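Notes to accompany the following structure.
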Amino acid sequence: MTPEELSATIAVCIEEGIAAGEIALTNEDVVEVRVERPKVREHGDWATNVAMQLAKKAGLGPRAFAEIVAKRLLTVDGIDAADVAGPGFLNIRLAAGAAGELARSIVEEGEDYGRGESFQGVHVNVEFVSANPTGPIHLGGTRWAAVGDSLSRLLEFHGATVTREYYFNDHGVQIDKFAESLLAAILGEDAPEGGYGGDYVLEIADRVLQDAMEVGEDDPLELPRDEAQEYFRVRGVHLMFDQIKESLHDFGVDFDVYFHEDSLHKSGKVERALDHLKDSGALYESEGAWWLRSTEYGDEKDRVVIKSDGTAAYIAGDIAYIRDKRERGAQLCIYLLGADHHGYIARLKAGAAALGYNPDSVEVIIGQMVNLVKDGAPVRMSKRAGDVVTMEDLVDVVGVDAARYALTRSSADATLDVDLDLLASATNANPVFYVQYAHARTAGVARNAAEYGIRKEDGFDATLLTHVSETALLGILSEFPRIVAQAVEYREQHRVARYLERLAAAFNQWYDRTRVTPQGDEQITDLNRTRLWLNDATGQVLRNGLALLGVAAPERM
RNA sequence: GCCCUCGUAGCUCAGUUGGAUAGAGCACCGGACUUCUAAUCCGAUGGUCGCAGGUUCGAAUCCUGCCGGGGGCACCA
């Protein structure tokens with residue numbers, strides 16, 4: 001019996017109590033029954049606090065309410081015990097077979113186990129990273145790459161069609177500084193004020209020059225300075241962006257759309273969006289400018305969309321962009337932004353509302369910063385000095401799996417300290433290895449079982465899974481669909497990672513106390529076969545969970 | 001000054017959206033390998049959940065006010 005089935009069963013018991021006149025409620029009062037795993041094992045397999053939630057309204061004491069439900073639960077097949085405890089908790093113990101059946105159903109469902117439907121048929125646009133191509137992806141961007149891709153995978157697992165999108169621009173102040181820096185680097189000058197340093201600048205500049213020579217173009221350095229800079233801007237941005245895409249690809253993140261900010265302006269989409277807003281009265285005119293009512297969404301002040309000189313403010317592009325995303329089919333637009341962008345939330349929501357969309361269709365996830373720790377001290381990162389830790393640096397030191405896992409196992413809205421020494425050296429201090437090792441173990445057990453000639457299809461008897469470490473493992477396996485559903489609902493991928501760590505621990509404990517393969521000259525029995533089902537079920541869930549984080553599930557380590 | 005966010009064990013972090021005795025990993029201490037991988041397992045130590053009030057059967061969780069860290073407050077992009 002899964003927790004979902006148990007939850008539904010309890011609801012039925014309450015409704016029966018209502019029908020029998022023992023509970024003075026209507027069926028509409030019956031809230032969704034939440035079952036949870038008690039922290040203390042002796043309390044049973046599952047517990048619910050529904051009696052405490054409903055007792056008051058029913059005019060009963062919580063314990064009396066719980067007794068009425070317990071009495072009926074006991075008559076249900078697959079439930080061994082239902083006890084009332086404490087202030088009104090209902091502790092439930094499932095029959096051994098009822099829990100054990102799960103091992104088989106997980107293996108049969110395979111990579112679909114845990115799948116959900118909460119986003120079935122919904123088109124979601126997830127925009128993340130979106131760094132302008134003025135340098136390699138740094139640590140912060142790496143975090144959004146890992147988190148954004150994992151959230152996308154979670155949404156897809158719940159039925160969504162996800163567009164992974166990267167928004168960028170190759171014009172503007174920062175890009176000009178980048179172009180200036182390229183030119184300065186190749187000429188052996190110091191980086192300009194507010195420009196970019198670091199080896200990569202010279203590398204890119206060199207490549208631009210080499211490429212020009214190879215195709216027999218005139219030396220761009222012979223051009224007038226402003227033309228040379230423009231030349232380096234176009235070619236340099238292109239090279240830089242290719243490098244970024246390659247880094248992301250090597251990191252396991254591929255975007256469906258790289259959206260060019262300029263295209264909004266050039267195609268007239270900004271203008272059309274602004275006309276639309278003026279016509280619909282979504283903006284108001286004041287002091288010669290057109291304003292967006294962003295204060296209605298928590299902004300400190302309303303924002304100018306069309307400046308008094310008639311030109312579009314930056315935010316106009318954002319609004320046109322929302323409209324473009326929606327017109328391309330997105331029903332939900334999720335933005336992953338750094339903490340320095342939190343002021344954008346109100347503006348984006350106000351923009352969506354002005355366009356006539358539900359402001360809830362724009363969702364902004366604000367992520368906190370990543371700090372790097374080395375030798376017990378924070379590593380100072382300075383962009384000016386080129387002393388920036390990049391995605392490639394991190395991957396070089398710890399590998400893609402450890403990097404992605406470290407960045408996804410914590411909530412995005414907590415600042416994160418990444419300890420390079422720890423990730424690189426002390427392997428057992430690194431949870432990703434613990435989880436991957438558990439998976440490799442399931443694969444190893446399966447290999448050994450095959451050698452012994454143990455075949456799953458020869459037998460399965462759920463009632464044999466009675467060891468305390470087995471019921472614990474089964475309980476955790478049964479939680480996976482709900483953990484995934486919560487991770488999707490709250491957009492919190494780290495729940496999956498934390499769950500996998502619990503699952504790996506439960507598996508290791510089981511592995512330590514029981515055996516799948518026979519010892520000595522023992523005969524192969526259904527117990528061996530049934531445990532192989534459980535072993536394979538665990539491997540399946542570890543694989544499914546790691547896939548949601550974009551982390552490999554190795555067969556051997 | 002205002003806004004956002006975080007504050008939980010020595011360190012890094014969870015805490016099932018208000019539930020039972022607040023957890024894990026690391027570090028430290030003590031145990032367990034002739035048998036499916038010891039990258040593991042078992043045990044011990046370690047807490048005024050930043051502080052003070054409030055809400056209720058019940059608060060790490062919700063509300064208010066302080067304190068501390070981080071970020072943000074343009075007719076810039």
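Just so we're clear, the structure is a prediction, and the values are computed from it rather than from any experiment.
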How many Å lie between [atom1] on [X] and [atom2] on [N], as a whole number?
X: A:Arg515; N: B:rU37; atom1: CZ; atom2: C1'; result: 12 Å
X: A:Phe507; N: B:rA38; atom1: CZ; atom2: P; result: 11 Å
X: A:Arg441; N: B:rC33; atom1: CZ; atom2: C1'; result: 11 Å
X: A:Leu416; N: B:rG7; atom1: CG; atom2: C1'; result: 16 Å
X: A:Glu501; N: B:rC41; atom1: CD; atom2: P; result: 12 Å
X: A:Asn508; N: B:rC33; atom1: CG; atom2: P; result: 18 Å
X: A:Ile483; N: B:rG15; atom1: CD1; atom2: P; result: 10 Å
X: A:Glu489; N: B:rU16; atom1: CD; atom2: C1'; result: 11 Å

Has [X] got a side-chain N or O lying under 4.0 Å from the OP1 or OP2 atom of [N]?
X: A:Tyr434; N: B:rC26; value: no
X: A:Arg409; N: B:rA24; value: no
X: A:Gln509; N: B:rC42; value: yes
X: A:Arg447; N: B:rU37; value: no

Could you verify whether a donor N or O on one side chain and an acceptor N or O on the other, from [X] and [Y], lie under 3.5 Å apart?
X: A:Thr517; Y: A:Arg515; value: yes
X: A:Tyr196; Y: A:Gln174; value: yes
X: A:Thr311; Y: A:Asp309; value: yes

* Asked: Counting only distance, no hydrogens or angles, is the base of B:rU16 paired donor-acceptor with the side chain of A:Glu36 under 3.5 Å?
  ->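 There is none.
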
* Asked: With no angle test and no hydrogens, is the base of B:rU40 tied to the side chain of A:Tyr437 by a donor-acceptor pair under 3.5 Å?
  ->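 Per atom types, no contact qualifies.
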
Can you tell me the pairing partner of [N] across any strand shown, Watson-Crick or G-U wobble, with both distances under 3.5 angstrom?
N: B:rG7; value: B:rC67
N: B:rG46; value: none
N: B:rA38; value: none
N: B:rA24; value: B:rU12

[atom1]-based separation of [M] from [N] [nearest Å]:
N: B:rU61; M: B:rU17; atom1: C1'; value: 8 Å
N: B:rC49; M: B:rC4; atom1: P; value: 26 Å
N: B:rA38; M: B:rC63; atom1: P; value: 49 Å
N: B:rC62; M: B:rG68; atom1: C1'; value: 22 Å
N: B:rG18; M: B:rG1; atom1: C1'; value: 35 Å
N: B:rU34; M: B:rG43; atom1: C1'; value: 25 Å
N: B:rA27; M: B:rU64; atom1: C1'; value: 39 Å
N: B:rG58; M: B:rG19; atom1: C1'; value: 7 Å

* Qualifying salt bridge (charged side-chain N to carboxylate O under 4.0 Å, His left out) pairs, either residue in residues 522-538 of chain A, two or more places apart ->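 Salt bridge (charged side-chain N to carboxylate O under 4.0 Å, His left out) check on residues 522-538 of chain A returns A:Lys456-A:Asp536, A:Glu470-A:Arg531, A:Asp526-A:Arg529.
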
* **Pairs touching residues 500-510 of chain A that satisfy salt bridge (charged side-chain N to carboxylate O under 4.0 Å, His left out), sequence neighbours left out** => A:Arg409-A:Glu501, A:Glu479-A:Arg502

Name the nucleic acid region contacted by [X], choosing base, sugar-phosphate or nothing; use a 4.0 angstrom heavy-atom cut-off, strictly under.
X: A:Ala438; answer: nothing
X: A:Ser411; answer: sugar-phosphate
X: A:Thr442; answer: nothing
X: A:Arg513; answer: sugar-phosphate
X: A:Asn91; answer: base

Whether [Y] and [X] form a salt bridge (side-chain N of Lys/Arg under 4.0 Å from carboxylate O of Asp/Glu) is what I want to check.
X: A:Lys278; Y: A:Asp275; result: no
X: A:Arg233; Y: A:Asp176; result: no
X: A:Lys269; Y: A:Asp324; result: yes

* To do: Any chance you could list the contact pattern along nucleotides 70-77 of chain B? Use B for base contacts, S for sugar-phosphate-only contacts and - for none, protein heavy atoms under 4.0 Å, 5' to 3'.
  => SBBSSBSB

* Heavy-atom pair with the smallest gap, counting every atom of A:Ala506 and A:Ile476 ->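 Closest approach of A:Ala506 to A:Ile476, heavy atoms only: CB-CD1, 3.6 Å.
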
* Structure fact -> The residue, A:Tyr490 or A:Ala505, whose nearest nucleotide of RNA chain B is more 5′ is A:Tyr490

* Most 5' of A:Asn49 and A:Tyr452 on RNA chain B, judged by nearest nucleotide -> A:Asn49

* To do: Indicate syn or anti for B:rU21, taking the glycosidic torsion and treating anything within 90° of 0 as syn.
  => anti

* Is the base of B:rC51 syn or anti, if syn means a glycosidic angle within 90° of 0? ->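 Base orientation relative to the sugar is anti.
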
* Identify, residue by residue, the members of residues 522-541 of chain A with a heavy atom below 4.0 Å from RNA chain B, and return them in order of residue number, or none. =>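 Of all residues in residues 522-541 of chain A, none places a heavy atom under 4.0 Å from RNA chain B.
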
* How many angstroms lie between NE2 in A:His467 and CG in A:Leu527, if you round to the nearest 0.5 Å? -> 10.5 Å

* **Spacing of A:Ser469 atom OG and A:Asn508 atom CG [to the nearest 0.5 Å]** =>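 Nearest 0.5 Å value for the OG-CG distance: 11.5 Å.
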
* With a 4.5 Å heavy-atom cut-off, do A:Phe65 and A:Ile14 have their side chains touching? -> yes

* Do A:Phe128 and A:Trp144 make the cut of ring centroids closer than 6.0 angstrom? ->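 Ring centroids of A:Phe128 and A:Trp144 are no less than 6.0 Å from each other.
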
* **A:Glu271, CD atom: more than 12 neighbouring heavy atoms under 6.0 Å** => no

* To do: Identify, with sequence neighbours excluded, every residue that meets side chain to side chain contact (heavy atoms under 4.5 Å, CB included) alongside A:Phe241.
  => A:Pro133, A:Tyr166, A:Phe168, A:Ile244, A:Lys245, A:Tyr258

* Stacking here means centres under 5.5 Å and planes under 30°; does A:Phe89 stack on B:rA20? -> yes

What nitrogen or oxygen pairs link the protein and nucleotides 9-11 of chain B at under 3.5 Å?
none

